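For reference, the structure is listed below as structure tokens.
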Number of protein chains: 2
Amino acid sequence: MTDEWQPHTETEGVETSPAPSRKGPERAAAEYALLGLIAQTGSGEIHGYDLSRSFAEGALGRIIRLESGMLYHYLKKLARDGYITSRIERQSGRPDRQVHTLTADGDALLRMWIAAPVRSTREIRLEFLVKLYLARTVDPRHAVTLVTEQRSVMRTRAARLTEQLATPQPADADTSFGESVLRLRLTQTRAALDWLDTLPESRN
Amino acid sequence: MTDEWQPHTETEGVETSPAPSRKGPERAAAEYALLGLIAQTGSGEIHGYDLSRSFAEGALGRIIRLESGMLYHYLKKLARDGYITSRIERQSGRPDRQVHTLTADGDALLRMWIAAPVRSTREIRLEFLVKLYLARTVDPRHAVTLVTEQRSVMRTRAARLTEQLATPQPADADTSFGESVLRLRLTQTRAALDWLDTLPESRN
DNA sequence: ATGCTCATGTAACCAGTTACATGATTTG
DNA sequence: CAAATCATGTAACTGGTTACATGAGCAT
């Protein structure tokens, strides 16, 4: 009765993560998007400005936004944490550029993140889409795993909400409002499930 | 072709707002929630600690979270901007308390915010729920207005998404992904609409 | 001469979270 | 006596946004 319809919390996903090494704090989806774009490049090398364009022109730029300032900041951060290595490429007549490469750690981190479903319905709209996009380009099998597990998460969630709605509550104003909140969450969860079912990865 | 499925932007609602006076920047939903709680009190006066409890124990605390530090910060902000007035109430044996009252400006601001639907589907989960809850307690007619207009917003949105999906696109990988994104948004929008239709305010 | 593309950033700012400070008084 | 309640905050930190700085070459 205490944990019925819990409040929105911004820093969620900390307790649900498997936390095997607890290396760093949660990264923004944009950071993984950068890792993914680096992984995508044929040569394995790419510099910031190119990343910026790939981001803005590609599908990722239509899901999340990433200003150049933040992009270079994330590249530094990823390099500092050992997920990419960066070397300077001298150019004549043009400014020098830094080319970045994924490390083994970076590749592992990216694949782990891609394969893990998001916990809440709200995160479907951003995180999950980025994961799906990257999974498809990095390794289509990851996409199948991701979609399968995400469907499972959403089904569990829908079941829990249904169960909560089934248990009768005292009928005051707050409770009826709370029921509305639960029904909203349930419809949104079901909508997400329906959508997941239409993805090509759902043919299994 | 350029503005098909636009990116997620955090600072949205600025350009869509009617901007009549442009008094202050966008406020957090929690600030309006505080205004609403102050408006709810019978005497018209309430102090921070009571607000904190009302918040945590009531339905609002299950939708959004508000730490005491931020609560007092918002109260100062609202007082500074002239939406509430605060006076100190001396107590013997207890710490002095500050009791807060809505000003005419504050009341107007609250009602304006409550009556205005949210622009995006994403905001349904937080902002809209807070608006609905406050509308019901402050003035049930506001709730009818809000729900009616919100349904209209969602219908327009659904129509636009449907239209975008109808226009055929070149069939590359990015486009098919983009179509999935559009379909996700459409299902989520429709789910929100279905839920809105189940609210008592939708009987008109 | 003007401004655009390349290429990488810095600086200032703002919002929010977490944790703690204070100090009396009542309750177990 | 310890702990919770009352009541209001402060301080440090995190992270993200916006805007601008730099400076060469190239196209109009």
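Remember, it's a predicted structure, so these values are computed and weren't measured experimentally. Order of the sequence lines sets the chain letters (A, B, ...), proteins ahead of strands, with each chain counted from 1.
- Each of D:dG16, C:dT8, C:dG9 was ranked by its minimum atom distance to the side chain of A:Ala28; first place goes to D:dG16.
- Annotation: side chain of B:Leu193 is not in contact with side chain of B:Arg157 (no heavy-atom distance under 4.5 Å).
- Taking the six-membered ring where tryptophan is involved, the planes of A:Phe128 and A:Trp195 are perpendicular, since the angle between them exceeds 60° and thus also 30°.
- Taking side-chain N and O atoms only, B:Gln98 has a distance below 4.0 Å to OP1 or OP2 of D:dG9.
- Partner of A:Glu149 under the side chain to side chain contact (heavy atoms under 4.5 Å, CB included) criterion, out of A:Val153, A:Leu146, A:Thr145: A:Thr145 alone.
- Counting non-hydrogen atoms under 4.0 angstrom, B:Gly93 reaches the backbone sugars and phosphates but no base.
- For D:dG16, the OP1/OP2 oxygens have a side-chain nitrogen or oxygen of A:Tyr74 closer than 4.0 Å.
- B:Thr137 and B:Gln40 are linked by a side-chain donor-acceptor pair at a separation below 3.5 angstrom, with hydrogens and angles left out of the test.
- Residue order along DNA chain D, read from the 5' end via each residue's closest nucleotide, puts B:Arg53 first among B:Arg53 and B:Lys76.
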Under 3.5 Å between N/O atoms: give me all the protein pairs with nucleotides 26-28 of chain D, atom names plus distance.
none

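- For B:Thr121 and B:Gln188, the side-chain atoms include no donor-acceptor pair closer than 3.5 Å.
- With B:Leu132 as the fixed residue, the side chain to side chain contact (heavy atoms under 4.5 Å, CB included) test singles out one of B:Gln150, B:His142, B:Glu201: B:Glu201.
- Distance B:Arg97 CZ to C:dT22 P: 23 Å, rounded to the nearest Å.
- Distance CG (A:Leu126) to C1' (D:dG16): 14 Å, rounded to an integer number of Å.
- Of the residues in residues 41-51 of chain B, those placing a heavy atom less than 4.0 Å from an atom of DNA chain D are B:His47, B:Gly48, B:Tyr49, in numerical order.
- Taking a cutoff of 4.0 Å between a charged side-chain nitrogen and a carboxylate oxygen, B:Glu123 and B:Arg119 qualify as a salt bridge.
- Using a 4.0 Å cut-off between charged side-chain N and carboxylate O, B:Arg111 and B:Asp107 make a salt bridge.
- Between B:His73 and A:Asp96, the residue whose closest nucleotide on DNA chain C is further toward the 5' end is A:Asp96.
- Taking atom CD on B:Glu89 and atom P on D:dC6, their separation rounds to 15 Å, with Å as the unit.
- Contact check, A:Arg27 against D:dT14: no side-chain N or O comes under 4.0 Å of OP1 or OP2.
- With rounding to the nearest 0.5 Å, the separation of NE2 in B:His73 from CD in B:Glu67 is 14.0 Å.
- Separating the CE atom of A:Met70 from the C1' atom of C:dT10 is a distance of 13 Å, rounded to the nearest angstrom.
- Regarding B:Glu67, its CD atom lies at a distance of 19 Å from the P atom of D:dA7, rounded to whole Å.
- Among the atoms of the strands shown, none is found under 4.0 Å from any heavy atom of B:Ser52.
- Here the P atom of nucleotide C:dT17 and the CZ atom of B:Arg65 are 7 Å apart, to the nearest Å.
- Note: CG (A:Leu71) to P (D:dT17) measures 13 Å, nearest angstrom.
- Counted within 6.0 Å of CZ on A:Arg190, heavy atoms from surrounding residues, nucleotides or ligands total 12 or fewer; the atom is thus considered open.
- Rounded to whole Å, the distance from OH on B:Tyr72 to P on D:dT10 is 12 Å.
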